Structure formats: C-alpha cells, structure tokens
Amino acid sequence: MQLRLLQQSFDAFDEAAAARLGLNRTDLRAMDLVLANDGPLSAGELTRALKLSPAATTTVIDRLEGAGLVTRTRDAENRRRVLVTATDAARAVEQDIYLPVGAAGAQALGRYNKDQLATILDFLQTVRHVQENQTARVSMDPRAAPGPLIRSSARSEAGPVTRRNVE
C-alpha cells in the first residue's frame, strides 16, 4: 500500500507541475528528458524515449518551443537531424520546481546512517528493476496477449468483469 501511495504522490506532483507550467504530462516528460541530457537531444532520441511517433514528437517539441522551454536547431553535420535543447527558462523551471524536491529529499534522508541509506538505495534499485520488467510485460505485443483484462461491456454486481474475478 505504501508503494501505491508513493506512486500516487509522484503522479500528483507531476500533475501539479504540468498544470503550473500549462503543459500536459507528455510535454513535462519530454522537458525532463531534455533537461536531464548533457547538451542537445535529437528529436529521434526524444521519440524513442517518449515512445511516440515522430509526428507526435514534433507536436510535443512545437508546444515546448512555443512555451519557451526548448529550442530546436538543425544538426550542423546532418541537416536532416533536429536537435532539441533546454532554454534558460526550462533551467529556471528546474531550479524552481524540481531542485527543491531533491533538497527536501536529501534533508529527509539525513536521519539515516550509511548502512540504512545503502539498504534504501538497494530497495529503490530493486523496485525500479521490478517496475521496468513489469512495464516490458505489459507493453508486449498485444497479439501475444491472452486478451483484454477488462471487458467494459460486461457488468455484474461486483463491478466490471476482469480476468481476476472471472477465473
């Protein structure tokens, strides 16, 4: 239950940050990827990281550029390649919204000793690994999946019919 609450708190924070910036969650994820990169990120790299089509990525870049959070330039060595770079405004957003989270987290973790922090880090790495594996499982080719988990047209007193309550 605590992990679910933690995930919900991350989601709520992302929603609040997106609303404050007038962005949607995909745009916020894209801005985070650009901010996290040392230097420009190609539009193709952004497409792969966001798991979007090139056209959808172009729309995301358009919105971020319109908001003044990224610039888009052509690669000098490959004119077909578009490079996306965070602006000073995006760095200011990072300073204003995200860095205080890191500082508050570091302060909260200050009560733990080195061994406890090592255990926390191990736990976080393990949970991330499990989550990545489960994401891969859920993302598998839908033709290989045994069918939808929820059939919205079938209802019962217990709620929607799911594989869990049918089997």
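Source: prediction; values computed, not measured.
Atom OG1 of residue Thr126 and atom NE2 of residue His129 lie 8.5 Å apart, to the nearest 0.5 angstrom. Distance check, rounded to the nearest 0.5 Å: CD of Gln8 to CD of Glu15 gives 12.5 Å. Between Ser9 atom OG and Arg4 atom CZ the span is 13.5 Å, to the nearest 0.5 Å. Interatomic distance, CG of Leu124 versus OG1 of Thr119, reported as 11.0 Å (0.5 Å rounding). Rounded to the nearest 0.5 Å, atoms CZ (Arg63) and CG (Asn24) are 4.5 Å apart. With rounding to the nearest 0.5 angstrom, the OG atom of Ser42 is 5.5 Å from the CZ atom of Arg48.
With side-chain heavy atoms closer than 4.5 Å counting as contact, directly or through intermediates, the hydrophobic cluster containing Val93 also holds Phe13, Leu21, Leu23, Leu28, Met31, Leu33, Val34, Leu35, Leu41, Leu46, Leu50, Leu52, Val60, Ile61, Leu64, Leu69, Val70, Val84, Ile97, Tyr98, Val101. Through side-chain heavy atoms spaced under 4.5 Å, either directly or across other Ile, Leu, Val, Met, Phe, Trp or Tyr residues, Val130 is tied to no other residue. In this structure, Leu121 stands alone, with no Ile, Leu, Val, Met, Phe, Trp or Tyr side-chain heavy atom under 4.5 Å from its own, directly or through other members.
Side-chain contact of Arg128 with Gln131: a donor-acceptor pair under 3.5 Å is absent, judged by distance alone.
Here the side chains of Leu5 and Gln2 are in contact, with some heavy-atom distance below 4.5 Å. Annotation: side chain of Arg74 is in contact with side chain of Val82 (closest heavy-atom distance under 4.5 Å). Annotation: side chain of Glu94 is in contact with side chain of Arg91 (closest heavy-atom distance under 4.5 Å).
A donor-acceptor pair under 3.5 Å links the side-chain atoms of Thr87 to the main chain of Gly68, judged by distance alone.
The 12-atom threshold is not exceeded at CG of Asp88, counting heavy atoms of other residues, nucleotides or ligands nearer than 6.0 Å. By the neighbour-count criterion of 12 heavy atoms within 6.0 Å, atom CD of Glu132 is densely surrounded, having more than that number from other residues, nucleotides or ligands.
With respect to Asp11 and Arg25, a salt bridge is recorded, a charged nitrogen being found less than 4.0 Å from a carboxylate O.
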